[in-house]
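In what follows, a structure is listed as structure tokens, so that the remarks can point back to it.
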Amino acid sequence: MEEKTKINGGDVLVKCLLEEDVKYMFGIIGGQFLNMFDAIYEWGREKGIDTVMFRHEQGAAHAADAWARVTNKPGVCFGTVGPGATDLVPGVGAAWSDNIPVIAIVPQVNSQYDDTYTLQGNLDQITLFKPITKYQRSIRDLNKIPDAVHKVFRAATGGRPGPALLEIYEDAFLEEEEEENVKILPKEMYRPYGMPAIENDQIKKSLELLLNAEKPLILSGGGVTRSEGWNELKEFAEYLQIPVITTVMGIGTLSNSSRCLIDSTIQGFGKEVSYQADVVLALGCKFSFTMGHGDEPFFKNSQKLIQVDIDSSIIGRAKPITLGIIGDCKLFLKQMLAEVKKSKKVEKREWLESLQGLRASFKDKFFKRILKDKTPILPERLVYETMEFMDDDAILVIDGGDIACYTVEQINFHKPRPPLSTLTSIGMGHLGTSVPYAIGAKLAKPEKQVIAIVGDGSFLFNVQDLETAVRLGLKNLIYVIANNSSWGMIKSCQNKYKKKHFIDVDLPDFDFAKCAEGFGCYGEVITDPNQLKAALERAKSSNKPAVLDVKSAQTMSDGTKLMASMGIL
């Protein structure tokens with residue numbers, strides 16, 4: 001009689017993750033995970049799944065977050081029981097704030113040591129993660145692993161996406177079962193595919209409001225990104241010649257290759273546009289602080305607002321609505337296109353033409369102001385040279401305070417930004433994402449250039465994972481550091497609003513290039529703005545992860561001024 005094959009909980013978990021098309025798991029090994037790692041070693045790599053060792057669990061969570069942002073598929077991170085789990089929290093929190101589907105997997109001590117103050121025990125990890133995850137599942141038995149994996153992935157990807165937590169007791173990892181008794185379903189059997197159609201009456205009402213508007217405006221948010229509705233958005237906006245402002249999470253859903261794109265922020269030119277509009281179509285937009293919370297002087301409550309969101313709790317939450325529609329943004333746009341094509345295409349809209357003229361003038365004046373050979377280098381010039389240098393399909397990571405504001409300010413003044421190619425922790429405003437975000441993005445899209453523009457303070461949060469980038473042999477991965485030796489955003493506020501009472505904002509001079517070389521990266525210091533282009537070329541051709549230490553001026557961005565005026569800073 002043929003001997004039956006037994007498998008353990010680690011094998012079962014890895015089999016379930018393969019069914020979810022998981023390629024990488026980002027994290028740091030721990031004792032309770034030994035069976036999971038052994039499954040990867042014995043047969044998992046052959047099937048297409050592997051672990052990526054980070055030097056801190058926070059970085060691992062950020063990398064999973066980046067993977068999800070770039071692929072639009074869940075990213076998976078893990079950390080051992082206790083301190084490994086607590087170290088995941090900042091990264092999972094950043095993903096939660098931006099509605100990114102991340103699966104966090106943590107073990108729990110063997111149940112025989114419940115409430116005994118054993119090593120790393122007595123921590124209620126479920127409660128710890130509850131505020132920053134959509135769903136939490138804790139299991140002690142091997143046979144419950146498949147169902148638990150089904151549920152965390154379904155929760156993370158369904159509706160408004162977000163992180164989910166899977167806690168597995170060591171008991172389940174150690175338990176064994178005959179392989180034929182473990183049933184792992186294909187994901188098509190436990191997850192819905194497709195979205196419910198939107199009522200035709202709502203489509204007609206939406207279209208009527210837009211067709212009767214003198215100054216219509218579309219806001220394209222993260223809901224368009226996550227639904228992958230960018231082609232439909234472009235076709236619809238251009239059919240009716242309606243101007244579009246994207247949110248930060250919506251960057252790339254419409255690029256500057258379309259005349260309909262006006263801006264991706266309301267901190268500059270976009271503010272004038274949003275206030276003038278008489279009918280606003282908000283697609284997957286929460287009206288967070290980046291949209292001025294929907295308040296005056298950025299918007300008017302007298303405007304007619306059509307708000308479309310997959311999550312009913314978002315509709316009408318920030319400002320009064322004329323029409324609220326629960327639905328998938330891509331499907332809504334598809335239905336709107338089918339209806340609008342029954343009417344004549346708008347060839348020219350004076351409102352859009354005038355905005356494009358004003359935008360061109362704004363851009364010309366902006367470039368004249370920033371293209372100066374000053375030293376220390378103007379942060380705007382740093383951004384300009386980097387954006388001009390980037391490959392057409394490059395992935396851009398933005399991390400920091402003022403330098404992040406300066407980057408978003410120029411985001412649509414250079415090469416068109418493709419969808420799913422701009423990463424920044426905007427909701428949480430989380431610093432320190434650049435190193436792990438860039439690694440996660442590069443692993444997701446190895447053929448693409450990845451460039452991070454980052455502040456000097458932010459860069460050191462997770463600098464240790466430069467070693468990870470080197471160990472993985474990543475190339476055409478460039479970190480451009482705006483080094484002004486300060487916490488610039490807060491220093492600007494102390495300068496402007498607190499009578500120059502500077503405290504805890506100045507940082508000592510630091511050679512990031514030598515630091516990078518110590519990890520095995522290419523490193524270079526730039527002090528002259530005219531050296532930037534050549535330095536970027538050298539970084540690209542180094543065939544190593546590269547760090548450019550750009551000695552920058554400490555100035556106050558319009559974004560900082562905006563947030564200060566709103567009382568956020």
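Residues take their numbers from the sequence shown, with the count starting at 1. Small disclaimer: the values here were computed from a predicted structure and weren't measured.
Taking both residues in full, the closest heavy atoms of D309 and G284 are given as OD2-CA, 3.6 Å, listed atom of the first, atom of the second, then distance. Residues P545 and L474 come closest through the heavy atom pair CD-O, 3.1 Å. Shown here for T555 and S492, the closest heavy-atom pair between the two residues is O-OG, 3.5 Å. Annotation for S557 and Y406: closest pair N-OH, 3.3 Å, computed over non-hydrogen atoms. The nearest pair of heavy atoms linking L460 to F510 is CD2-CE2, 4.3 Å. Shown here for E57 and G79, the closest heavy-atom pair between the two residues is CG-CA, 4.0 Å.
Using modelled atom types and a 3.5 Å distance limit, the side chains of R417 and S255 yield no donor-acceptor pair. Remark: the T253 side chain and the T246 side chain contain no N/O donor-acceptor pair separated by less than 3.5 Å. Side-chain contact, H414 with E388: a donor N or O sits under 3.5 Å from an acceptor N or O. A donor and an acceptor atom, one from each side chain of N484 and S552, are nowhere located under 3.5 Å apart. A donor and an acceptor atom, one from each side chain of N256 and N412, are nowhere located under 3.5 Å apart. Using modelled atom types and a 3.5 Å distance limit, the side chains of Q108 and S138 yield no donor-acceptor pair.
Within a 6.0 Å radius of NZ in K540, more than 12 heavy atoms belonging to other residues, nucleotides or ligands are found. Remark: K363 NZ is packed, more than 12 non-hydrogen atoms of other residues, nucleotides or ligands lying under 6.0 Å away. Residue K73 places its NZ atom among 12 or fewer non-hydrogen atoms of other residues, nucleotides or ligands, all under 6.0 Å distant.
Between atom CD1 of residue I451 and atom CD1 of residue I478 there is a gap of 4.5 Å, rounded to the nearest 0.5 Å. Residue Y437 holds its OH atom at 6.5 Å from CG of L423, rounded to the nearest 0.5 Å. With rounding to the nearest 0.5 angstrom, the CE atom of M489 is 9.5 Å from the OG atom of S458. With values rounded to the nearest 0.5 angstrom, S220 atom OG is found 4.5 Å from L233 atom CG. For the atom pair CD1 (I377) and OG1 (T527), the distance works out to 6.5 Å, reported to the nearest 0.5 Å. Distance check: L219 CG to Q307 CD gives 9.5 Å after rounding to the nearest 0.5 Å.
For F299 and Y275, the gap between ring centers reaches or exceeds 6.0 Å. Annotation: H293 is not in aromatic contact with F287 [ring centroid separation under 6.0 Å not met].
Salt bridge E228/K330: absent, no basic N to carboxylate O contact under 4.0 Å. Using a cut-off of 4.0 Å between Lys/Arg side-chain N and Asp/Glu carboxylate O, R191 and E20 are scored as salt-bridged.
The side-chain contact (heavy atoms from CB on, under 4.5 Å) check on P446 picks up nothing, with sequence neighbours excluded. By the side-chain hydrogen bond (donor to acceptor under 3.5 Å, both in side chains) test, T468 is found to be paired with D465, R471, residues two or more places apart in sequence or in another chain being considered. Applying the salt bridge (Lys or Arg N to Asp or Glu O under 4.0 Å) test to D504 and every residue at least two apart in sequence or in another chain returns nothing. When the salt bridge (Lys or Arg N to Asp or Glu O under 4.0 Å) test is applied to K23, no partner is found at least two apart in sequence or on another chain.
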Item to check | Candidate pair E524 and V550, rule side chain to side chain contact (heavy atoms under 4.5 Å, CB included), full reasoning | outcome: CA-CA 8 Å; E524 184 174 344; V550 183; over 6 Å; no
Item to check | Q32 vs T80, side chain to side chain contact (heavy atoms under 4.5 Å, CB included): CA-CA, chis, key distance, verdict | outcome: CA-CA 7 Å; Q32 288 82 4; T80 195; 3.5 Å; yes
Next on the checklist: Working note: F78 + F54, criterion ring pair (Phe, Tyr, Trp, His ring centres under 6.0 Å); need CA distance, chi angles, decisive distance, verdict.
Outcome noted: CA-CA 10 Å; F78 63 91; F54 269 71; 9.8 Å; no
Next on the checklist: Working note: F298 + M291, criterion side chain to side chain contact (heavy atoms under 4.5 Å, CB included); need CA distance, chi angles, decisive distance, verdict.
Outcome noted: CA-CA 8 Å; F298 312 104; M291 286 285 113; over 6 Å; no
Next on the checklist: Assess the residue pair L13 and L166 against the criterion (side chain to side chain contact (heavy atoms under 4.5 Å, CB included)); give the C-alpha distance rounded to whole Å, side-chain angles, the decisive distance to 0.1 Å, and a yes or no.
Outcome noted: CA-CA 11 Å; L13 176 61; L166 174 57; 4.2 Å; yes
Checklist entry - Which is it for E380 and R369 under the salt bridge (charged side-chain N to carboxylate O under 4.0 Å, His left out) test, yes or no, and what are the steps along the way? => result CA-CA 9 Å; E380 300 100 312; R369 177 170 61 83; 3.4 Å; yes
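Put simply, the side chain of T157 reaches to within 4.5 Å of the side chain of P74, judged on heavy atoms. Here the side chains of M387 and K415 are not in contact, with every heavy-atom distance at 4.5 Å or above. Residues F459 and V435 are in side-chain contact: their nearest non-hydrogen atoms beyond the backbone lie under 4.5 Å apart.
Side chain of Q125 to backbone of G82: a donor-acceptor contact under 3.5 angstrom is found. Judged by distance alone, the side chain of K134 and the main-chain N or O of A155 form a donor-acceptor pair under 3.5 Å. Between the T424 side chain and the I398 main chain, a donor and an acceptor come within less than 3.5 Å of each other. For the pair R154 (side chain) and G158 (backbone), a donor-acceptor distance under 3.5 Å is absent. Between the side chain of T133 and the main chain of Q136, no donor-acceptor pair closer than 3.5 Å is present. Of the possible donor and acceptor atoms, one in the side chain of D399 sits under 3.5 Å from a partner among the backbone N and O of T433. Although no hydrogens or angles enter the test, the distance criterion places a donor-acceptor pair under 3.5 Å between the side chain of N483 and the main chain of S485. Under the 3.5 Å distance criterion, the side-chain polar atoms of D311 are left unmatched by any main-chain donor or acceptor of R160. Between the side chain of D124 and the main chain of T127, a donor-acceptor pair closer than 3.5 Å is present. In terms of modelled atom types and a separation under 3.5 Å, the side chain of H56 and the main chain of Q58 share a donor-acceptor contact.
Results of the side chain to side chain contact (heavy atoms under 4.5 Å, CB included) test with R137 over V152, V149, L165 single out V152 as the only residue that passes.
For residues 443-452, the pairs satisfying side chain to side chain donor-acceptor pair (under 3.5 Å) are Q449-N476, with sequence neighbours left out.
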Show me the side-chain donor-acceptor pairs of residues 86-102 shorter than 3.5 Å, one per line, residues at least two apart or across chains.
unit_1 : atom_1 : unit_2 : atom_2 : d
T86    : OG1    : P83    : O      : 2.9
S97    : OG     : M428   : N      : 3.1
D98    : OD1    : G427   : N      : 2.8
D98    : OD2    : R69    : NH1    : 3.4
D98    : OD2    : R69    : NH2    : 2.9
D98    : OD2    : I426   : N      : 3.1
N99    : OD1    : K286   : NZ     : 3.2

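Using cut-offs of 30° and 60° on the angle between ring planes, the pair Y24 and F26 is tilted.
Judged by the 6.0 Å distance and 45° axis criteria, K491 is positioned over the aromatic ring of F502.
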